[in-house]
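Written below as structure tokens is the structure these notes are about.
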Amino acid sequence: MDDRLNITMKPVIDILEERISLAMAQVTGLGPQPALVKPATDAKFGDYQANGVMAAAKKLKTNPRALAEKLVRQLELDDICMPPEIAGPGFINLRLKTDFLAGNLLEINADTAHLGISRTEKPKTIVVDFSCPNIAKQMHVGHLRSTIIGDSICKMLNFQGHNVIRQNHIGDWGTQFGMLIAYLKQTSPEIIEDPDSIHIADLEQFYKNAKARCDANEDFAALSRQEVVDLHEGSKETLNVWRHIVDESRKHYQPVYDVLEVNLHQDNERGESFYADRLAGIVDELKEKSIATESDGAICVFPKGFTNKEGEPLPFIIQKTDGAFLYATTDLAAIKFRITELNADKIIYVTDARQKLHFDMLFATAKLAGWVGENVELVHVTFGTVLGEDNRPLKTRSGENVKLKELLEEAVVRARAVVEGKNSELPDAEKEQIAKAVGIGAVKYADYSNNRTSDYVFSFDKMLAMEGNTAPYMQYAYARVKSIERKAAKKDVDVESELAGINDLNLTEPAELDLAKHLIRYGEIIESALADCRPNYLTQYLYELAQKFSGFYNACPVLAADKATRPTRLLLCDLTARTIRHGLSELLGIKVVRQM
RNA sequence: GCGCCCGUAGCUCAGUUGGAUAGAGCAACGGAUUUCUAAUCCGUAGGUCGCACGUUCGAGUCGUGCCGGGCGUGCCA
């Protein structure tokens, strides 16, 4: 790969930023100054705009327009842009050259796997902690966001070339296991002889039954507590039953991951049990370092800057009065493990916003302990709550958590009805496949397209709508592009041969240029989506892409175009389809369909 | 009480270290169909960006105060 190609494979916005920043350093004498290149706020200002001159002029106490003029004389952008224009108080407006655009499209076209997007120059080891079901219970709607947002972050990081370590910090070691083991021993003693015979048909019911017996019967409660002790002390028999409960539980949640197209498997699990024998050591270490102290019988860390109701230091409790450890302790063990043994450069935790205080204190404590090197980054990616139509957290009518499995099943049933009503000609098996892709995709897409930090109201009707920024709209847009390919054969157009060895484009129509300019921004959008862990930037981009494609589709006939323009238009179709497919399927885990 | 998040069009929401006349979708209204899937597109209308000060050449974005909502706040996770 020659240098030239390498450079142009960076997002245009980054190339412009670099070059203009460099020129600004020369012109201002202040060293590198951010050029603040952004997409133009209005098409009439061009394609990109650099806003940095005004800030630099302020520093220099000089006239921004004069500085802009000086800068523009220094700029060498003529391989990319038309001559820059100065506007308003000192904006520099940039308009891409059609040749540059065409060259960029051809590069994207040539790079089948990566769509012309460069990998990071500095790959990092990044641990992403997400999903984290309590495996004694079924996954419910509360696990949806962490699971899919976390997965998408991993997918984007992988795509950029980072070393991603997915960690499913499952709840597999709580006191509830004593109860479950005791219940199993009482109701199915044969399990003890032959643990492989264990079969929990309904995880939720199993948990409820055990809980009910525990609440009703003091002897059983005592037995449960004893099982916890046995478990923690490593009793062989108890551990064996525990392991089988864990394995059996996995059979309930793994299919949910599979249906969601989420890349989580057993080898991503490092649950609470993994850290169990490290907890005492963590507490000892913090006590030795005088970071943790005893307070009201509990062992606590008091990181600076956290206060309680009375304005007194707020404790981060790592060991209870009764000697038991808490999730704070487990999280500390995990953070240490990830930094020192997994060699994480960055750890991303994807949990709901209510845990913010916990993570702030966790990070502060880990830093006090000296585990967090200078170049290690700790990030808490929060998200809002999924609400019901009543604006309260989504529950069933009887007030229980909505099971994720059931929610997804209903989505597919509803999607099936939509497919059925609209395209009853299709074979049954295909309808079912489409319904799955649309139903599951709708739930995921609705979540991704919302601002991560906001709560949102869950509505099947809205997420399954064909209009607006929804999965069905996106999937339909894809199907429509694909149908052009299908129709091509009937019209004696050989798409493959027209695209083979294409090396010259004929971009003239406004709709073509508009679509082309959007297509080359894909890499830029992935960067910004990742910088803030905001998948909605990506969905927004894809939606705009679909809209621009529709504009092009209406304005520019493809198959009926003349010989001079048809290959260009076929390429635009192909790149649109590949970008939508990549964004939905590779980065968001949403299936595309060839027909709807 | 204190801390964190939020308040943008009738509704649901975008708005990326402060940038030009604040954007979409839904709903409403008006247009486009001898088609490559109209499940589409184009257009119109709709806003004191909760309120008030302040910083700035420039504020939805930053600061302070207030109003309204959500969440959290010592042995659950």
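What you see below is based on every heavy atom in this structure, not just the backbone, and it leaves out hydrogens, waters and symmetry mates. Proteins get letters first, then strands, A, B, ... in listed order; numbering begins at 1 in each.
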Item checked: Integer-rounded Å distance: B:rC41 P and A:Y473 OH -> 4 Å
Checklist line | Touch class at under 4.0 angstrom, heavy-atom based, for A:A479 against every strand present | finding: base
Margin query: So, does A:N451 get its side chain near the phosphate of B:rA14, meaning an N or O under 4.0 Å from OP1 or OP2?
Written below: yes
Note to self: Can you tell me if A:F91 is stacked onto the base of B:rA20, using a 5.5 Å centroid cut-off and an angle below 30°?
What the structure shows: yes
Notebook entry, point to check: Side chains of A:K211 and A:Q176: donor-acceptor distance under 3.5 Å anywhere?
Noted result: no
Note to self: Is the phosphate of B:rC76 approached by A:K320 (side-chain N or O, under 4.0 Å from OP1 or OP2)?
What the structure shows: yes
Check: Rounding to a whole Å, what distance do you find between A:N469:CG and B:rU40:P?
Finding: 13 Å
Notebook entry, point to check: Considering only side-chain heavy atoms of A:Q355, which listed nucleotide, B:rG25, B:rA77, B:rU73, is closest?
Noted result: B:rA77
Checklist line | Interatomic distance where CD belongs to A:Q176 and P belongs to B:rC76 [whole Å] | finding: 13 Å
Check: How is A:K491 classified with respect to the nucleic acid when contacts are heavy atoms under 4.0 Å: base, sugar-phosphate, or nothing?
Finding: sugar-phosphate
Notebook entry, point to check: Looking across every strand, which nucleic acid part, if any, lies under 4.0 Å from A:A87 by heavy atom: base, sugar-phosphate, or nothing?
Noted result: base
Check: Which part of the nucleic acid, if any, lies within reach of A:C533 when heavy atoms closer than 4.0 Å are counted: base, sugar-phosphate only, or nothing?
Finding: nothing
Checklist line | Protein-nucleotide distance (A:L357, atom CG; B:rC76, atom P), rounded to Å | finding: 16 Å
Next item on the list: Describe the nucleic acid contact of A:C573 in one word from base, sugar-phosphate, nothing, applying a heavy-atom distance below 4.0 Å.
Entry: nothing
Checklist line | Validation row: A:R452, A:T382 side chains within 4.5 angstrom (heavy atoms) | finding: yes
Check: Just checking A:E544: base, sugar-phosphate only, or nothing, at a heavy-atom cut-off of under 4.0 Å?
Finding: nothing
Check: Contact class for A:Q547 (heavy atom, under 4.0 Å): base, sugar-phosphate, or nothing?
Finding: sugar-phosphate
Notebook entry, point to check: Quick one: A:Q540 CD to B:rU16 P, roughly how many Å, whole number?
Noted result: 12 Å
Note to self: Whether the side chain of A:K58 and the base of B:rG58 hold a donor-acceptor pair under 3.5 Å is what I'd like checked.
What the structure shows: yes
Margin query: Determine whether a donor-acceptor pair (one donor, one acceptor, N or O, separation below 3.5 Å) exists between the side chain of A:K44 and the base of B:rU21.
Written below: yes
Next item on the list: Give one of base, sugar-phosphate or nothing for A:F45, where a contact means two heavy atoms less than 4.0 Å apart.
Entry: base
Check: Taking N and O atoms by type only, does the side chain of A:N51 place a donor or acceptor under 3.5 Å from a partner on the base of B:rA20?
Finding: no
Check: To the nearest Å, how far apart are A:H358 NE2 and B:rU73 P?
Finding: 12 Å
Next item on the list: Give A:D360 one of three labels, base, sugar-phosphate or nothing, depending on what nucleic acid heavy atoms sit under 4.0 Å from its own.
Entry: nothing
Check: Separation of A:M474 atom CE from B:rU40 atom P, in whole Å?
Finding: 13 Å
Margin query: So for A:S550 and B:rC41, does any side-chain atom that can act as donor or acceptor lie under 3.5 Å from a complementary atom in the base?
Written below: no
Note to self: Using only modelled atom types and a 3.5 angstrom limit, is any donor from either the side chain of A:S295 or the base of B:rG74 paired with an acceptor on the other?
What the structure shows: yes
Notebook entry, point to check: Which whole-number value in Å describes the distance from A:M361 CE to B:rG72 P?
Noted result: 16 Å
Note to self: Regarding A:N93, tell me which of base, sugar-phosphate or nothing describes its non-hydrogen contacts under 4.0 Å with the strands shown.
What the structure shows: base
Check: Would A:R270 count as a cation-pi partner of A:F274, with NZ or CZ less than 6.0 Å from the six-membered ring centre and within 45° of the ring normal?
Finding: yes
Note to self: Does any part of the side chain of A:R569, heavy atoms only, come nearer than 4.5 Å to the side chain of A:P557, both counted from C-beta?
What the structure shows: yes
Check: Given side chains that start at C-beta, do those of A:L203 and A:K137 come closer than 4.5 Å, heavy atoms only?
Finding: no
Margin query: Taking any heavy-atom pair under 4.0 Å as a contact, classify A:P34: base, sugar-phosphate, or nothing.
Written below: base
Notebook entry, point to check: Base, sugar-phosphate, or nothing: which does A:E272 touch, judged by heavy atoms less than 4.0 Å apart?
Noted result: sugar-phosphate
Check: Between A:F316 and A:F302, is a ring pair (Phe, Tyr, Trp, His ring centres under 6.0 Å) present by the stated rule, with each step listed?
Finding: CA-CA 6 Å; A:F316 190 56; A:F302 293 93; over 10 Å; no
Notebook entry, point to check: Hey, are A:T539 and A:S449 close enough side-chain-wise for a donor-acceptor pair under 3.5 Å?
Noted result: no
Notebook entry, point to check: Nearest of B:rA77, B:rG74, B:rC13 to any side-chain atom of A:Y327?
Noted result: B:rA77
Check: Between A:R452 and A:E310, who's closer to the 5' end of RNA chain B by nearest nucleotide?
Finding: A:E310
Check: Heavy atoms under 4.0 Å, any strand shown: does A:F306 hit a base, just sugar-phosphate, or nothing?
Finding: nothing
Item checked: B:rU35: pairing nucleotide in any strand, Watson-Crick or G-U under 3.5 angstrom -> none
Check: Among the nucleotides B:rG74, B:rA38, B:rA77, which one has an atom lying closest to any side-chain atom of A:N308?
Finding: B:rG74
